[in-house]
S.K.: 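If you scroll down you'll find the structure; I have some questions about it.
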Amino acid sequence: MILCVTFSLVHGKYYSATEPHVRMKEKVTNLYFFFHDTLSGKNPSAVLIAKPSLPNNNDTSQSSFGSLYAVDDPLTVRPELTSEVIGNAQGLWVSSGQGSVQTLVVYFDFGFTTGELNGSAITVFSRNPVMEMERELAVIGGRGRFRMARGFAQLKTYTVDLTNGDAIVEYNVTVIHY
Ligand SMILES: *[C@@H]1O[C@H](CO)[C@@H](O)[C@H](O)[C@H]1NC(C)=O
Ligand SMILES: *[C@@H]1O[C@H](CO)[C@@H](O)[C@H](O)[C@H]1NC(C)=O
Ligand SMILES: *[C@@H]1O[C@H](CO)[C@@H](O)[C@H](O)[C@H]1NC(C)=O
């Protein structure tokens, strides 16, 4: 402890010299998988954290405006949940649209757990207009192989159960990274 304090007093600077950024060659990786968001059943992968309690609110749907869910959704190579699991999306989604057309904002970390990408992840933070069958989310960062990533995810709803909210979504992600 004393040694640490002495070190910081002697070397009072807490930042390096700013140097030109040596440009590294950008690479592109394409990812294709299926995302399973399950609200129903005994072991849901998306659970309600909170929803607003407003007087005169007669919208009793599970994902009315303001509902916040935590997710740990499996990612598989094929649409069936029984196919190989290659990672999981952990994070939050919030029902963000006031109108009658449901829309979400999602904050997800897609972590991969198999093969060369084991331990790598992409970060998604985006509006997600779930009522549109095809939509696009922004990839804003990543970890491991995908450090400093940018990109986009093209989504297609594979199946959705409008009564309980369960959905399987095809993801086709283009990731640009170093
Ligand atoms: C709630 O119910 C009332 C009367 O049934 C209706 O006029 C109103 O539009 C409903 N509000 C919402 C947000 O659905
Ligand atoms: C992925 O990495 C973790 C942590 O290093 C390790 O425990 C696990 O066995 C690896 N899984 C595969 C399938 O390589
Ligand atoms: C995924 O997207 C890329 C580029 O947008 C496209 O070339 C490719 O055909 C798509 N793959 C699938 C399986 O849809």
Side-chain angles (χ1 to χ4, degrees), residues 16 21-47 49 62-63 68-97 99 101-178:
S16 76
H21 177 53
V22 181
R23 248 194 118 63
M24 291 177 287
K25 207 167 158 59
E26 283 184 332
K27 300 178 210 117
V28 61
T29 301
N30 204 255
L31 303 166
Y32 183 79
F33 53 80
F34 291 83
F35 165 94
H36 301 259
D37 200 40
T38 309
L39 281 66
S40 70
K42 284 197 187 115
N43 285 309
S45 64
V47 293
I49 301 170
Q62 290 154 310
S63 47
L68 179 66
Y69 279 75
V71 309
D72 183 357
D73 287 341
L75 311 173
T76 58
V77 291
R78 286 197 310 278
E80 304 80 38
L81 193 47
T82 49
S83 64
E84 189 194 355
V85 174
I86 49 96
N88 54 69
Q90 295 188 357
L92 299 169
W93 58 254
V94 62
S95 180
S96 53
V101 178
Q102 196 187 13
T103 183
L104 311 179
V105 169
V106 301
Y107 313 76
F108 290 153
D109 179 295
F110 286 82
F112 302 101
T113 52
T114 57
E116 281 182 46
L117 293 182
N118 186 14
S120 294
I122 56 170
T123 313
V124 166
F125 173 26
S126 196
R127 186 181 295 220
N128 184 359
V130 283
M131 299 313 279
E132 292 170 25
M133 292 302 279
E134 297 192 20
R135 49 204 188 271
E136 182 175 315
L137 309 184
V139 174
I140 61 159
R143 298 185 283 116
R145 170 84 71 94
F146 298 127
R147 197 177 280 178
M148 307 281 286
R150 286 168 299 123
F152 53 92
Q154 291 169 297
L155 276 59
K156 273 187 207 159
T157 301
Y158 184 78
T159 60
V160 63
D161 182 329
L162 293 173
T163 54
N164 61 20
D166 291 357
I168 301 173
V169 184
E170 179 193 285
Y171 271 68
N172 182 1
V173 192
T174 302
V175 192
I176 296 163
H177 56 98
Y178 290 113

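Read the numbers this way: they start at 1 and go in the same order the structure lists the ligands and their atoms. Values below: all heavy atoms of this structure, side chains included; hydrogens, waters and symmetry mates excluded.
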S.K.: How long is the span from the CG atom in N118 to the OG1 atom in T113, to the nearest 0.5 Å?
M.R.: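 Atom-to-atom, N118:CG and T113:OG1 are 6.0 Å apart.
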
S.K.: Taking N or O atoms only and a 3.5 Å limit, does N172 qualify as a polar contact for ligand 3?
M.R.: yes

S.K.: What about F108 and F35, are their ring centers closer than 6.0 Å?
M.R.: yes

S.K.: Among all the protein's heavy atoms, is there at least one whose distance to atom 2 (O) of ligand 3 comes out below 4.0 Å?
M.R.: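 So atom 2 (O) of ligand 3 has protein heavy-atom neighbours under 4.0 Å.
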
S.K.: Checking a contact table here: which protein heavy atom is nearest atom 11 (N) of ligand 2, and how many Å away?
M.R.: N118 ND2, 2.9 Å

S.K.: Answer yes if a protein heavy atom lies under 4.0 Å from atom 9 (O) of ligand 2, otherwise answer no.
M.R.: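 Answer no: nothing from the protein, no heavy atom, is under 4.0 Å.
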
S.K.: May I ask you to check whether Q154 has an N/O atom sitting below 3.5 Å from an N/O atom of ligand 3?
M.R.: yes

S.K.: Is at least one protein non-hydrogen atom found at under 4.0 angstrom from atom 5 (O) of ligand 2?
M.R.: no

S.K.: Starting at NE2 of H36, measure out to CD of E80 and round the result to the nearest 0.5 Å.
M.R.: 8.0 Å

S.K.: Taking 4.0 angstrom as the limit and counting only heavy atoms of T113, give me the atoms of ligand 2 inside it, by number and element.
M.R.: 11 (N), 12 (C), 13 (C)

S.K.: Can you pull out the closest protein heavy atom to atom 13 (C) of ligand 3? Residue, atom name and distance to 0.1 Å, please.
M.R.: Y32 CE1, 3.5 Å

S.K.: Hey, would you say the Y171 and F110 ring centroids sit under 6.0 Å apart?
M.R.: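 Yes, the ring centres sit under 6.0 Å apart.
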
S.K.: Run the numbers on S40 and D166 for side-chain hydrogen bond (donor to acceptor under 3.5 Å, both in side chains), then give the verdict.
M.R.: CA-CA 7 Å; S40 70; D166 291 357; 2.6 Å; yes

S.K.: Looking at R150 and E26, is any side-chain nitrogen of the basic one under 4.0 Å from a carboxylate oxygen of the acidic one?
M.R.: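 A salt bridge links E26 with R150.
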
